[in-house]
Structures are given as structure tokens and as C-alpha cells.
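Take a look at the structure set out below.
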Amino acid sequence: MWIADKYIDHVKEQTVEHPGESWEKMLLGFKANKLRTKLLPKKGISKGYQKLEAMMMSLVADSLGKPESYVWGNIFAPSELISCFGLQTLSIECLSCYFSGYHLEDFFIDYAQNTGIAPTLCSYHKTFVGAIDSGAVPVPEYAVTTSLSCDGNLNTFRYLEKKKGVPFTFLDVPYRDDPESVDYLADQLKGFAKELGNRFGRNFEEEKLREAIRIENATREALMEFFKLQSERYYPGELISHLYMMMGMHLLIGRQEFLDLIRFMIRDIKNYPKFEGKKILWIHLLPFYQETLQSYFNSSRKYQIIASDIIMDSMEEMDETKPFHALAKKIIRNLYNGSYSHKAEMVGELAKTLKPDAVIQFCHWGCKQSSGGSILLKEKMQEMDIPMLILDGDGIDRRNSHDGQIKTRLEAFLEMLDTGEDQETSEKEEKKVC
């Protein structure tokens with residue numbers, strides 16, 4: 001691995017010194033990692049998670065090598081519709097994570113803030129803005145974003161349009177779930193399909209969208225079966241494995257190859273032993289780089305993350321006969337849309353199905369809805385008698401996550417789970433230590 005580390009250091013140094021000349025080196029690294037995940041998969045994790053990592057690496061490396069083959073989006077962009085035109089969706093949040101693989105997030109964040117971007121903006125967005133503004137990353141022909149979840153989406157895409165000339169479509173997602181709201185969003189999706197066709201010179205075939213929805217329904221059903229099995233069996237993965245699963249469920253949903261992978265994982269997990277440890281339901285973002293969390297959850301036989309809400313953020317079957325309305329309903333009913341009490345209820349339903357031993361919510365710096373609503377979710381979990389830990393940190397900027405604090409709080413919580421101690425007593429003791 002020292003060769004990879006040396007290359008990472010080289011690319012970071014080159015990007016910091018000459019950001020406008022480093023893209024080919026970054027792209028070469030992505031392509032090399034694609035080959036590495038296929039030929040030399042990580043040891044110590046299951047074959048299913050190995051295949052998942054390889055699939056996500058291929059998606060990014062193959063797409064970035066062909067700028068005309070993808071559009072930018074946020075993580076909730078309708079990739080099913082975009083794929084009908086033979087295009088990939090690359091979310092700015094996920095791309096920021098890939099840039100952090102070169103440890104460039106601090107340089108890009110500082111670059112963005114030095115050009116006037118507010119320090120309070122989500123660090124995923126600041127990383128991406130800095131990458132583009134510095135000239136380190138080329139821009140595609142088109143982009144799309146939604147109002148869903150993050151209030152920084154519209155401002156970030158407006159900024160990129162103004163500074164780099166990247167035109168985009170904004171999908172205004174209503175909070176209310178009623179026929180009028182569904183019609184309103186469905187009409188926007190139809191307009192978006194027309195815009196894609198005009199910009200890329202490709203015809204839209206509604207049957208392709210219907211087929212994507214059929215595959216999506218099967219994928220969601222299969223994934224829930226996998227999650228149930230993962231709550232019963234030891235299936236070694238890493239913290240980042242759940243990030244890859246989130247990427248797949250948002251960027252490759254409706255694709256047969258992703259459904260085939262989930263079905264493989266269902267078959268594969270049945271070969272693993274019964275899981276005897278504590279089962280964790282993870283809420284919100286995954287700080288994949290955080291050392292303490294890695295040490296407790298990577299391939300652990302004691303504590304296994306069985307699912308994450310951001311992976312399964314919409315759970316209802318979609319009506320393929322009305323594809324645009326089905327897609328609109330899915331987006332509106334996403335647990336990250338609307339009030340936080342709506343999210344708390346949906347997480348409660350997920351918990352009833354998967355029966356976790358505990359819930360951990362990660363409150364990401366700059367994400368107001370996560371921090372502001374965490375107490376509502378904790379109250380819901382208390383009603384269900386499920387212990388819950390709230391961790392504060394940053395999903396991508398290492399400088400905003402204090403390992404010592406995370407370590408203290410996590411270890412106290414896990415000790416409480418292991419001993420069966422009352423959570424209120426454990427929290428009082430934890431505050432004394434802090």
C-alpha cells in the first residue's frame with residue numbers, strides 16, 4: 001500500500017501547487033483504484049462488499065473519463081430518469097468523498113472559503129466548490145439538483161452556473177404529500193426529461209423508465225431482505241461499505257447490474273455464521289475516514305451496522321404504469337423530505353422491521369436538519385426502548401471531527417449496550433468524563 005500512499009501524497013502536492021494541471025493525475029488514480037478493487041479486492045471483508053466497492057469505483061472512474069457521459073446532481077437527483085438517456089449521475093457529495101481520497105478536502109474547503117464561501121456551508125459542498133473554483137476538476141455539460149434535504153443545494157448549483165457556466169435544472173420538491181403536489185413534481189420531471197433530450201440529442205422512451213421502476217421495486221425488496229439477513233448473520237464490511245451502498249441505491253438504482261449485486265449478496269450472506277454481537281442502525285451520514293469508528297465497526301464481530309436510513313430513504317413500491325407520478329411520489333415521500341417528525345416515524349418503522357440493539361445518529365457539521373431534529377428522533381427511540389447515541393462531527397473534513405470526544409462518547413455508549421446499563425445513567429457518567 002505504500003505505493004498508493006506515495007501517489008496520493010504526490011497528487012495532493014501537485015494539486016495544491018498547480019490545481020489546473022492535476023486532473024489527469026487524479027483521474028489516473030481513480031482508474032488504477034478501479035483495477036485494484038477488481039484484481040486485488042480488500043481482504044477481511046465479504047465478497048459482496050468487495051464487489052460493491054469495485055462497482056462504485058468503476059462508476060466514478062468510467063464516468064469521469066468521459067465528460068459527455070454524465071451529469072452532476074445532488075444525492076437525491078432522479079438517476080432513474082437520467083439513465084434513460086444513457087447518462088450517468090455523479091452526485092457532488094459522493095465526488096467530494098472521492099476527492100478526499102487524495103486528502104484534498106482541506107485544500108478545497110479552504111480555497112472555497114477564501115473566495116467568499118461561508119464557513120457554515122456543508123463541507124461536502126465546500127469541497128466540491130473549491131475543487132471546481134480552483135480549476136482542479138473539469139465541468140460537464142449539465143447538472144440537476146433538488147430542494148430535498150439540504151438548503152445548500154440550490155445555492156451551490158447557482159454558484160457553479162454563475163462561475164463556470166454549468167446550466168442546471170432545479171426540481172422544487174413540495175413538503176406536502178397530496179395529489180396536487182405529486183402532479184406539480186411530475187410535471188417538473190417531464191420538463192426535465194424534455195430538457196435532457198434537447199441538450200444531449202437523444203430521444204426519451206417512457207418504457208425505459210417503466211423498466212427502471214420495475215427493477216427498482218425488485219431492488220428495494222431485495223435490499224430489505226439483505227438487511228434482515230445482515231441483522232442475523234455476521235457479514236464483514238467496513239464503514240465505507242455502507243457509503244458505497246448509499247451510492248448504489250441513489251446513483252445506480254433501476255439498473256439490472258445493481259439488482260444482480262444485491263441478489264448475489266443475499267446468496268453470499270447465507271454462507272456466513274450467526275451474528276452474536278450488537279446490531280446498530282446508523283442514521284444520516286457516514287464519516288468513513290474516522291479512526292475510532294473504523295476500529296469499532298470495520299469487520300467487527302461485536303458491533304455490526306446492519307443498515308443506514310440514508311440507504312433506504314424511500315420504502316414504498318412504485319407504480320410503473322404512471323412512471324413520472326411514481327418517481328414524484330418516491331421523491332416527496334423520502335424520509336429526508338418534510339418535517340423531522342416524518343423522518344422519526346419512518347426510522348421507527350425501519351427499526352420495527354430490523355430490530356436493532358441501538359441507533360447511532362451522526363450530526364454532520366453544517367447540516368441544520370440533522371442537528372436540529374436529532375432530539376425528536378431520540379424521543380421516538382425512547383418510546384420504542386431503543387438506546388440511541390448522537391455523535392457530532394464532520395462527514396468529510398477531518399479537522400472538524402475530534403477523535404477524542406467521539407472515542408469517549410462511543411465507548412461509553414457501547415459499554416452501556418454490553419452491560420445492559422440504563423442509558424440515562426450512562427449519559428450522566430459520560431458527561432462527567434467529558
Side-chain angles (χ1 to χ4, degrees), residues 1-37 56-57 59-67 70 72 74 90-140 143 152 155-157 159-166 240 243 247 285-291 294 364-366 393-403:
M1 292 298 293
W2 68 270
I3 297 177
D5 292 337
K6 286 289 185 182
Y7 190 74
I8 288 171
D9 292 340
H10 171 69
V11 171
K12 178 170 184 175
E13 181 181 336
Q14 291 294 307
T15 304
V16 171
E17 293 180 359
H18 307 287
E21 302 173 11
S22 63
W23 175 242
E24 291 300 325
K25 294 183 178 67
M26 291 176 66
L27 185 58
L28 178 62
F30 290 141
K31 291 179 178 178
N33 212 15
K34 168 192 167 182
L35 292 175
R36 192 273 305 168
T37 57
M56 294 306 108
M57 288 296 176
L59 168 66
V60 172
D62 293 345
S63 299
L64 290 177
K66 301 175 182 177
Y70 66 90
W72 282 342
N74 72 323
L90 295 182
S91 83
I92 64 171
E93 303 92 340
C94 293
L95 285 175
S96 292
C97 292
Y98 277 77
F99 298 151
S100 77
Y102 288 109
H103 304 298
L104 282 165
E105 74 284 347
D106 53 353
F107 170 68
F108 288 149
I109 288 170
D110 291 345
Y111 195 101
Q113 292 181 175
N114 289 336
T115 59
I117 299 299
T120 53
L121 181 67
C122 169
S123 50
Y124 290 91
H125 286 247
K126 286 187 293 187
T127 298
F128 195 76
V129 168
I132 303 305
D133 258 0
S134 67
V137 178
V139 301
N155 290 334
T156 296
F157 281 79
Y159 181 84
L160 295 172
E161 181 181 44
K162 180 180 178 181
K163 292 293 291 288
K164 295 296 181 178
V166 182
I240 199 170
L243 176 62
M247 288 177 61
L285 300 172
L286 292 140
F288 57 94
Y289 65 87
Q290 219 285 322
E291 292 180 1
Q294 288 179 347
H364 166 66
W365 165 258
D394 198 302
I396 192 168
D397 189 352
R398 294 164 171 83
R399 298 169 299 180
N400 280 340
S401 285
H402 303 288
D403 187 75

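No hydrogens, no waters, no symmetry mates; every other heavy atom, side chains included, goes into these values.
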- [ ] Show your reasoning for whether side chain to side chain contact (heavy atoms under 4.5 Å, CB included) applies to T156 and V129.
- [x] CA-CA 7 Å; T156 296; V129 168; 3.9 Å; yes
Task: For H103 against I8, the heavy-atom pair lying closest together - done: CD2-CG2, 3.5 Å
TODO: Check for a donor-acceptor pair, side chain of H364 on one end and backbone N or O of G395 on the other, with a separation under 3.5 Å.
DONE: yes
Open item on the list: Tell me if the CD atom of E291 is crowded by more than 12 foreign heavy atoms within 6.0 Å.
Closed with: no
Open item on the list: Between Q294 (side chain only) and F288 (backbone N and O only), is there a donor and an acceptor less than 3.5 Å apart?
Closed with: yes
Task: Sequence neighbours excluded - salt bridge (charged side-chain N to carboxylate O under 4.0 Å, His left out) pairs with any residue from residues 102-116 - done: K12-D106, E105-R398, D110-R399
- [ ] For the pair F157 and W72, evaluate ring pair (Phe, Tyr, Trp, His ring centres under 6.0 Å) and give the outcome as yes or no after the intermediate values.
- [x] CA-CA 9 Å; F157 281 79; W72 282 342; 7.4 Å; no
TODO: Answer yes or no: is there a side-chain heavy-atom contact under 4.5 Å between D394 and P287?
DONE: no
Task: Summary of salt bridge (charged side-chain N to carboxylate O under 4.0 Å, His left out) pairs that have at least one residue in residues 116-129, sequence neighbours excluded - done: none
Open item on the list: Can you tell me how far apart OG (S134) and CG (N114) are? Round to the nearest 0.5 Å.
Closed with: 12.0 Å
Task: Heavy-atom pair of closest approach, residues Y289 and D397 - done: OH-O, 3.4 Å
Task: Test side chain to side chain contact (heavy atoms under 4.5 Å, CB included) applied to K66 - qualifying residues, sequence neighbours left out - done: E68, S69
Task: Between D133 and Y159: side-chain donor-acceptor atoms closer than 3.5 Å - done: yes
Task: Any T15 side-chain heavy atom under 4.5 Å of W23 side chain - done: no
Open item on the list: To the closest 0.5 Å, what do you measure between CG (L243) and CG (L286)?
Closed with: 6.5 Å
Open item on the list: Rounded to the nearest 0.5 Å, what separates atom OG in S123 from atom CD in Q113?
Closed with: 9.5 Å
Open item on the list: Going by side chain to side chain contact (heavy atoms under 4.5 Å, CB included), name the residues that satisfy it together with L90, two or more places apart in sequence or in a different chain.
Closed with: L59, S63, L64, Y70, L95
Task: Distance in Å, Q14 CD paired with Y7 OH, rounded so as to fall on 0.5 Å steps - done: 9.5 Å
Task: Taking every non-hydrogen atom, the tightest pair across A143 and V166 - done: CB-CG1, 4.0 Å
Task: salt bridge (charged side-chain N to carboxylate O under 4.0 Å, His left out) partners of residues 91-104, not counting sequence neighbours, each pair once - done: none
- [ ] Please round to the nearest 0.5 Å and tell me the distance separating atom CD of E13 and atom CZ of F107.
- [x] 12.5 Å
Open item on the list: For P140 versus P67, what's the shortest heavy-atom pair and its separation?
Closed with: CB-O, 4.1 Å
- [ ] Tell me, with the steps shown, if V137 and F128 meet side chain to side chain contact (heavy atoms under 4.5 Å, CB included).
- [x] CA-CA 9 Å; V137 178; F128 195 76; 5.6 Å; no
Task: Heavy-atom closest pair, residues I396 and C97 - done: CD1-N, 3.8 Å
Task: Residue pair K163 / I132, side-chain heavy-atom distance below 4.5 Å - done: no
TODO: Might you work through the side chain to side chain contact (heavy atoms under 4.5 Å, CB included) test for M247 and Y98, ending with a clear yes or no?
DONE: CA-CA 12 Å; M247 288 177 61; Y98 277 77; 3.6 Å; yes
Task: Between CG on residue L160 and NE2 on residue H125, distance to nearest 0.5 Å - done: 10.0 Å
Could you tabulate the donor-acceptor pairs under 3.5 Å formed by side-chain atoms of residues 24-34, not counting sequence neighbours?
residue, atom, partner, partner atom, Å
N33, OD1, R36, NE, 3.2
N33, OD1, R36, NH2, 3.0
K34, NZ, D62, OD1, 2.7

Open item on the list: Keeping S91 on the side-chain end and C94 on the backbone end, is there a donor-acceptor pair under 3.5 Å?
Closed with: yes
